[in-house]
Amino acid sequence: MTVRTRFAPSPTGFLHIGGARTALFSWAYARKHRGSFILRIEDTDVARSTPEAVQAILDGMNWLGLDWDEGPFYQMERMDRYKLVIQKMLDDGTAYHCYCSKEELEVLREQQMSQNLKPRYDGRWRPEEGKVLADIPQGIPPVVRFKNPKTGAVAWDDLVKGHISISNEELDDLIIARADGTPTYNFCVVVDDWEMGITQVIRGDDHVNNTPRQINMLKALGANIPQYAHLSMILGDDGQKLSKRHGAVSVMQYDDEGYLPEAVLNYLARLGWSHGDEEVFSMQQFCEWFDLDHITPSAAQFNTEKLNWLNAHYIKQADSTTLVQEVSKRLQSKGVSIAAGPELSKVVEMYRERANTLNELVASVVYFYQLPAIDEAAAQKHITPEILPVIKALADQLAVIDWSAEAIHGLIEQAVLQHALKFPKIAMPLRVMLTGGAQSPSIDGVMVLLGRESVVSRIKAITG
RNA sequence: GUCCCCAUCGUCUAGAGGCCUAGGACACCUCCCUUUCACGGAGGCGACCGGGGUUCGAAUCCCCGUGGGGACGCCA
C-alpha cells in the first residue's frame with residue numbers, strides 16, 4: 001500500500017518548533033517510502049483560526065523546504081462532507097442527539113471530580129435497548145454524540161510507543177457535532193484521515209488520548225485503521241514545557257535570528273531520532289535513513305548550544321552566493337550600506353568560520369562598512385601611551401607602501417624588530433583602532449580588505 | 001483525583017540478554033596550532049532513577065516504588 005502521511009496543524013498561531021518536527025518526520029516518512037505527504041489545515045475552531053496563522057504555517061513549511069504533495073486542504077471547506085457522515089451515523093445508530101445543556105454538564109463534571117472520578121458524560125441521552133429516554137426539552141438545540149462501545153478495550157501498536165491499550169470504560173460518548181451543527185475536531189480528523197487514505201498518522205503525543213476514540217469511530221464507519229506514531233514533545237532549553245515565555249518558539253524566529261534552515265532541520269531530525277552515531281546529514285540522507293523504529297519515546301529538551309554548533313557547521317559549508325545574499329540582506333535591514341566598503345564576498349569568506357549565526361556574522365562584519373564604536377576596556381588595555389607613537393609612525397608608512405598582506409605584515413614585523421616588541425603589542429592596538437574590539441581575524445588580512453584609506457584614517461583619528 | 005505515556009553523562013542520544021570496563025555528539029576542562037578571538041587537532045571529566053524478580057548472565061525482560069509528562073472541552 002502506498003504510504004500517505006499528513007501534517008494537520010490548526011491555524012491558531014505560528015508554526016512552532018514542535019509542530020515543525022512533527023511535520024518533518026511526517027514528511028520524511030512519506031519521502032522515504034515514496035508516498036504522499038498531505039497538508040491539512042484544521043480550522044474548525046472559527047473563533048481562534050486566522051488567515052495570518054495559515055500563512056505563518058505555510059511560510060514556516062516553505063522556509064524549511066517541507067513540500068507537500070496534496071493540499072492544503074481546509075476543513076472548513078469540507079463541512080458538507082462531515083455533515084453527511086454525521087447524518088449517516090445518526091441513521092446507523094452509531095451516534096445520537098444529546099440535549100444536555102452546558103450547565104448540566106458542568107454540574108456533572110464537578111460532581112465527578114469531587115468524588116475523585118474521571119469526569120465524563122454519563123450517557124443520559126444515549127439510546128439503549130429497553131431504556132426510556134427523558135422527554136426532549138424545548139428550545140435546546142442538541143449536540144450529536146458518538147456512541148462509544150461500553151465494553152472491551154481499544155488497542156493499537158503505536159509505531160513509537162509500542163502497544164497501547166485503553167479500556168472502553170475509560171471513554172465516554174464524545175460530542176461530534178456542536179449544537180450549531182458544526183463538527184468537532186476528533187470527528188473531522190476521523191473523516192479526513194479516512195477519506196484522504198492516510199496510512200500513518202504521525203503526530204504529537206498529546207493526541208494519544210484521542211486515538212482510542214478515533215479508532216472507535218473509524219471502526220463504526222467501517223474504515224481502515226491507519227497506523228499511529230506518537231511523537232513525544234519538545235521541552236524548552238530550561239527543561240520546561242515550551243510556551244510563549246520561551247522566546248524563539250516560531251520557526252520563522254530562527255530565520256530572524258540567523259539560523260540556516262539546513263541547521264534547524266538537521267537539529268530537529270536529531271532531536272528524538274537517531275541513526276547510530278550520525279550527527280550531521282543532509283535532508284536527502286535523512287529521508288533515506290528515516291524510520292519510526294529509532295524514535296525516542298521520551299520527551300526531548302531543546303538545546304540551543306547544539307543548534308548553534310550545527311548552524312556554525314552549515315555556515316562554513318554554505319554556498320558562497322547564498323551566504324553573501326543572506327548577509328547582504330541582513331546588513332541592509334540594519335541600515336548598513338556596503339557600497340563604500342570592501343567586496344562583501346571577501347569579507348564573508350574571512351568571517352564565515354567564526355560565526356554561530358548569520359546575525360553574529362553580520363554583527364562582526366559591520367566595521368568594514370561603518371566606523372566601529374571602540375570598546376573602552378580593550379582600548380584601555382591595548383592602546384598604551386608608549387605604543388601610540390609607534391602606531392602613528394606605522395600609519396605614515398602604511399600610507400605609502402604596496403597594499404598587500406605581505407607588505408603590511410612585513411611593515412609590522414619591521415616595527416616589532418625596531419622597537420624590540422612582541423607582535424601582539426602592535427597587532428592588538430591596531431585591531432582595536434580598526435575593528436573596535438580585541439578580536440578579529442589576522443590583522444594584516446583585515447587591513448588589506450579594509451583598504452588603505454580607511455586604515456590610515458581610523459588610525460590617525462586616534463593617534464592624531 | 002482517574003486514565004495513558006515516559007525514565008542511559010548537564011543536554012541530544014547509541015544500546016533489541018553476553019560485543020558494555022556503557023559508544024558518539026553538544027557543552028565544559030587541558031594541551032597543541034596561533035598575531036588576539038574563533039576555526040581546526042589531540043586528550044580529559046561525565047550516565048544506565050531505586051528496589052525486587054527472571055536468567056549462567058540485565059542498561060536491555062517482568063513487577064513494585066519514585067520522579068516527570070500528557071489527557072480528562074459544544075479547543076485542536
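Per chain, numbering begins at 1; letters A, B, ... match sequence-line order.
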With a 3.5 Å cut-off and no angle check, do the side chains of A/H382 and A/R431 form a donor-acceptor pair?
-> no

Here the residues of residues 150-159 of chain A within 4.0 Å heavy-atom distance, strictly under, of RNA chain B are none

Which part of the nucleic acid does A/L271 contact within heavy-atom distance under 4.0 Å: base, sugar-phosphate only, or nothing?
-> sugar-phosphate

Side-chain N or O of A/S298 closer than 4.0 Å to phosphate OP1/OP2 of B/G69 = no

Any A/S440 side-chain N or O less than 4.0 Å from OP1/OP2 of B/U36 = no

Pairwise P distance for B/C39 and B/C28, with rounding to whole Å = 9 Å

Respond yes when some side-chain nitrogen or oxygen of A/T12 is under 4.0 Å from OP1 or OP2 of B/A76, and no when none is.
-> no

Verify the contact: side-chain N or O of A/R109 to OP1 or OP2 of B/G1, cut-off strictly under 4.0 Å; return yes or no.
-> no

Using Watson-Crick or G-U wobble geometry with both distances below 3.5 Å, tell me the partner of B/U60, or none.
-> none

Determine whether the side chains of A/T182 and A/R178 contain a donor N or O and an acceptor N or O closer than 3.5 Å.
-> yes

Quick one: do the A/D444 and A/S442 side chains pair a donor with an acceptor below 3.5 Å?
-> yes

Would A/K102 and A/E104 pass as an ion pair if we require N to O under 4.0 Å?
-> no

Options B/A76, B/U13, B/G24, nucleotide nearest the side-chain atoms of A/D45 = B/A76

Any strand, both distances under 3.5 Å, Watson-Crick or G-U wobble: B/U21 pairs with none

Would you mind telling me which of B/A76, B/C39, B/C3 lies closest to the side-chain atoms of A/N210?
-> B/A76

Presence of salt bridge, A/K150 and A/E169, under 4.0 angstrom | no

Taking the side chain of A/W309 as heavy atoms from C-beta outward, which of B/C4, B/A27, B/C75 is closest to it?
-> B/A27

Could you please name the partner base of B/A7, counting Watson-Crick and G-U wobble pairs only when both distances are under 3.5 Å?
-> B/U66

Could you tell me which nucleotide pairs with B/U34 by Watson-Crick or G-U wobble geometry, both distances under 3.5 Å, or answer none if nothing does?
-> none

Base, sugar-phosphate, or nothing for A/N308, non-hydrogen atoms under 4.0 angstrom?
-> nothing

Give a yes or no on whether a salt bridge exists between A/E326 and A/R330, defined as a side-chain N under 4.0 angstrom from a carboxylate O.
-> yes

According to a strict under-4.0 Å criterion, is A/K241 in side-chain N/O contact with OP1 or OP2 of B/G70?
-> yes

Give a yes/no answer on whether the side chain of A/K316 brings an N or O atom under 4.0 Å of OP1 or OP2 in B/G40.
-> yes

The side chain of A/S442 lies closest to which of these nucleotides: B/U35, B/C75, B/U13?
-> B/U35

Paired nucleotide for B/A71 [Watson-Crick or G-U wobble; both distances under 3.5 Å] = B/U2

Of the candidate nucleotides B/G24, B/C75, B/A14, which contains the atom at the shortest distance from the side chain of A/R48?
-> B/C75

Among B/C4, B/G1, B/C3, find the nucleotide with the atom closest to the side chain of A/M113.
-> B/G1

Considering only heavy side-chain atoms of A/K161, the closest of B/C74, B/C3, B/C6 is B/C6

Nearest-Å distance once atom P is located in both B/A25 and B/G44 | 12 Å

A/P424 or A/I166: which one's nearest nucleotide on RNA chain B is closer to the 5' end?
-> A/I166

Counting distance only, does the side-chain N/O of A/S26 pair as donor-acceptor with the main-chain N or O of A/T5 below 3.5 Å?
-> no

Please confirm whether A/F7 and A/W68 have ring centers closer than 6.0 angstrom.
-> no

Quick one: is B/G15 close enough that its OP1 or OP2 comes under 4.0 Å of any side-chain N or O from A/H294?
-> yes

